[in-house]
Amino acid sequence: MRYASIALDIPTRALDGTFSYAVPEALAQDVAVGATVLVSFSHRLAVGYVMGVSEEAPEGVDPGRLLPVEQVLAPPAFDEASARLASWMAGEYACPLCEAVRPFLAPGQKVRVTRPSEDAPWELVCERAGAVDARWAALTPSANDYVPPRTASRQRAVIEALRQGPQRVSELSATIPGASSAVSSLARRGVVAVETRRVLRGGEGTTLSSAQAPRPDRLTAGQLAALSAIDEAREAARGDVVLVDGVTGSGKTEVYLAAIERALAAGRGALVLVPEISLTAQTVGRFRSRFGDDVAVLHSRLSAGERFDQWDLVRAGRARVVVGARSALFAPLADPGLIIIDEEHEGSYKQDKSPRYHAREVAARMAAERGCALVLGSATPSLESLRRCREGVFRDARWRRVEMPERPAGAALPRVTVVDMAEQFRGGGRSIFSAPLAEALRGVARRREKAVLMLNRRGFANFLMCRECGCVPECPHCSTALTYHERTHALVCHTCGRAWPVRAFPDPSTSCPSCGSRYLAAFGVGTQRVEDELAMLLPEGVEIIRMDADTTREKGAHQRLLERFDAAECAVLVGTQMIAKGLDFPEVTLVGVVNADTMLKLPDFRAAERTYDLLEQVAGRAGRGGRPGEVIVQTYWATHPAMRAVAAHDRAVFLDAELAERAEASYPPFSRLSNVVVWGRSERGVRAATDELARAVRERLGEAPGWEVLGPADCVKARVKDQTRRHLMVKAPVDADPGALLGACVGSLGRLRGINIAVDIDAYDML
Ligand code: ADP
Ligand code: ZN
Ligand code: ZN
């Protein structure tokens, strides 16, 4: 007799962990780790995932009393190493085990047990975005002489259709009933050739300018150093990490390509993660042109069926290079030699719903589990990764940084000018554009070149700022910028929960607490206004293209706007931060940042880091072609280390100041910061739950050194869709396990009607 330990797909903390079932002889072959099964559980049916199989009955259980596995619903989607990883994720991120298992399942194949009402029987619902028939049919030369029998109307229809060119059999079937069998009989007669081109589905992308990536004649010294560090890490086979710290355009992607080639030659595969936004045809094209059909592409723009196809190619071992967004990390690649995370500093690697994992952290764990190397690439590495490289070791793996400070062709980095907007204001400037930016824009128009203007929209008008000195009122207790709430006319601290009526802060006036100026105003500009002022500033004949949430709502709009910009002779692209990444237009000679610092003031300890990253990325957009590039950054905070670092092309200016500040306040990377958000319709219920939770956490912690509980306080987004949101932040030492503590505390509250609780370990979104 065999026994299976099964994670039930019932996401409540009360039923967490695995349950044991007996495997009937008839199912012995099919009940394997990773399979989806049907079992009964306390008088109902439940879907479960097999986490382990053993010949011995679990200890302390009478085998005769174990219920049998009823049915196998889906073949294995993951192996034992993945099962261990899912269990680790459940503990690390304090989420139910089944939620940690779901990312490993085949896309579009969900099975659920539901019932329409409380007293109706349970029903099994299967979603089947099965493999789409990927057979292509084409006419052969003998089709010219072939005369179908008079009764074979389907054959005639198929031949007619194929005269237009080859088609998918599934597409033929959609318009010609019974096309599939007609194609088969035509194929037997040699009239039609059938070819399976499975790889095609989801593999194609739209094309932007240059998809072809020529192989460079010679790698640079930096690239070679990175490559040998990666080889070494891969051969060590224990999850060592190489951080490729290279300026934009230094050839990081080329390093990934070469490293993957070597991994493939050693008989192993590679997982490559890129941020969703830079998963463009250009990126995919570079991987495809190097590895052809060995590449599977996974991202959210594919249909469920297309995603399943690509996923299945990986499972079948027919694609050994997986390129995709965050969730591609869970693709069923049998033996990865490399896991590569490009732009590893990107916040989008943190998932914002359960399981709230960070791809970098899971990848590090996965690399150790599978004995492969983890490669992190960035022009602006996260402080977490930099610190681990400084220490050399983290969680038993070696962390090593390789620098690539130069661009291969010796292309110069653009000149960066930081303009102090407070000074402009004092000098009488009231326009969105400072004198230097206006002048530079006119220069672009004169020389018939192209410019990109970026507007920071995060943190828009959320705080009060003095237009004369740039000062923003801060909480005296937390050094967090106070957020302005228009409705109550109050300044609120979202770290400790204190609030002041605007008139009472700092004293009985609305003047600036720092310089006394009366120009204290909710501050922010929109892309529309930038576009309007630009139209007034520039002569006729300069195309202005606006790219923001409004103009990119339609599918494909993003791409179309970029193509328009690409095709234009002289143009200015105005957009939110969505334009900062991945664009590579050689003709851009000017990049302007309209308001660099709105983000700096968010009540988020990573605000400065994000600002620095963004500015550095944007600056990397200029001067990629032959002509020199120029970057102009407008700010009310010209002395901020992030601004000075970008201007000087010297990250140390930012890093030293920022690390000192983080260490001082004990923020990551010197601690682990978790955020627990509680929300619901009843404000009283939410308050009670948050208070109770805070009490439980404080009680369990006692005087534990290095731990700190902040709050409870209202969230910055204190009301969303008529629900009240409050939160609690918990700092823990770097080597602590906050997931275990918070999971237990939340569990101890039991079920609260109408109250939702999200535990976010190593949180990125504090709002
Ligand atoms: P990154 O990923 O760091 O932004 P890429 O790998 O995209 O950099 O390289 C930037 C440009 O430099 C690309 O056009 C690439 O083809 C080219 N390139 C990369 N490595 C070399 C090299 N060793 N010699 C010449 N050109 C190179
Ligand atoms: Zn002031
Ligand atoms: Zn405060």
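Order of listing sets the numbers, starting from 1, for every ligand and every atom in it. All values reported here derive from a predicted model rather than from experimental measurement.
Ligand 1 has a nitrogen or oxygen under 3.5 angstrom from a nitrogen or oxygen of Gly251.
Taking CZ of Arg360 as the reference point, atom CD1 of Ile341 lies at 7.5 Å (rounded to 0.5 Å). Rounded to the nearest 0.5 Å, atoms CG (Asp760) and OH (Tyr357) are 13.0 Å apart.
Taking every heavy atom of Thr253 and a limit of under 4.0 angstrom, the matching atoms of ligand 1 come to 2 (O), 6 (O), 7 (O). Near Ser250, with a cut-off below 4.0 Å to any heavy atom, the atoms of ligand 1 are 3 (O), 8 (O).
Under a 4.0 angstrom heavy-atom cut-off, Gly249 registers as being in contact with ligand 1.
Using modelled atom types, one finds no donor on one side chain facing an acceptor on the other under 3.5 Å when comparing Glu616 with Thr380.
In this structure, the side chain of Glu344 does not engage the main chain of Ser378 through any donor-acceptor pair within 3.5 Å.
Distances from atom 3 (O) of ligand 1 to the heavy atoms of Lys252, Arg407, Gln223, Met404 put Lys252 nearest. Scanning Glu254, Arg286, Arg215, Arg218 for the heavy atom closest to atom 13 (C) of ligand 1 points to Arg286.
Cation-pi contact between Arg606 and Tyr764: present, with separation from the ring centre below 6.0 Å and deviation from the ring axis of at most 45°.
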